[in-house]
Amino acid sequence: MEPEGRDLFAIADLAREFGISTRAIRFYESKGLLAPERVGATRIFRRRDRARLILILRGKRLGFSLRDISDYLSLYDADRTQQVHLLAEKVDQRIALLERQRDDLETTIRELREIRKLADERLVKS
DNA sequence: ATTCTAACA
DNA sequence: TGTTAGGA
């Protein structure tokens, strides 16, 4: 009766499972995103830590800074409601930034296509 | 073998 | 973050 798997993990276990380096995991801890237990100096990760790591990696995939992710995770124990508000705010900011970048890219592509068209016309005249 | 800290790239 | 050194 244990469909949950282990609840104790070594740093290498998590690194392997999520395809990241042990260095990255220690780095996240140094930034306050993780706080695994210690047995001496060795880190012992539990399901709770693993769950946080999953959230960290998801946040990264979506382009959020470790700072943003940290601020978000910090609200888990306190204001769960404020956490949702912060998330909404950050997501809106992220979407706004991506849309701006998309517009800039489209503008650049249009310019390059125009240059390319002019280049072809010159070749034809030559 | 594995992990840890610290420092440099 | 990767890599490397040196130790537990």
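By convention in this document, chain letters (A, B, ...) are assigned in the order of the sequence lines, proteins followed by strands, and residues within each chain are numbered from 1. Because only heavy atoms are used, hydrogens play no part in the values below, and waters and symmetry mates are left out as well, while side chains stay in.
- Distance CG (A:L66) to C1' (C:dT1): 10 Å, rounded to an integer number of Å.
- Of the possible polar contacts, one joining the A:T108 side chain to the A:D104 backbone as a donor-acceptor pair under 3.5 Å is found.
- Exactly one residue among A:R122, A:R116, A:K117 makes a salt bridge (Lys or Arg N to Asp or Glu O under 4.0 Å) with A:D120. That residue is A:R116.
- With both ends at atom C1', the span from C:dA5 to B:dT3 equals 14 Å, rounded to whole Å.
- Atom P of C:dG6 sits at a distance of 22 Å from the matching atom of B:dT2, rounded to the whole Å.
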Legend entry - From CA spacing to verdict: salt bridge (Lys or Arg N to Asp or Glu O under 4.0 Å), A:R52, A:D77: CA-CA 13 Å; A:R52 286 177 68 96; A:D77 310 292; 5.2 Å; no
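- The backbone N or O of A:S21 sits nowhere less than 3.5 Å from a side-chain atom of A:R26 that would complete a donor-acceptor pair.
- Taking a cutoff of 4.0 Å between a charged side-chain nitrogen and a carboxylate oxygen, A:D13 and A:R6 qualify as a salt bridge.
- A:D92 places no side-chain N or O within 3.5 Å of a backbone atom of A:E89 that could act as its donor or acceptor partner.
- For the pair A:R80 (side chain) and A:Y76 (backbone), a donor-acceptor distance under 3.5 Å is present.
- Of the residues in residues 14-36 of chain A, A:S21, A:R23, A:F27, A:Y28 come within less than 4.0 Å of DNA chain C through at least one heavy atom, sorted by number.
- Here the side chain of A:R46 pairs no donor or acceptor atom with the backbone of A:D49 at under 3.5 angstrom.
- For the pair A:F9 CZ and B:dT2 C1', the interatomic distance rounds to 18 Å; values are reported in whole Å.
- For C:dG7 and B:dA1, the C1' atoms lie 15 Å apart once the distance is rounded to whole Å.
- Secondary structure note: stems in DNA chain C built from 3 or more consecutive Watson-Crick or G-U wobble pairs under 3.5 Å occupy B:4-9 with C:1-6.
- Going from atom CD1 of A:I11 over to atom C1' of C:dA8 covers 16 Å, rounded to whole Å.
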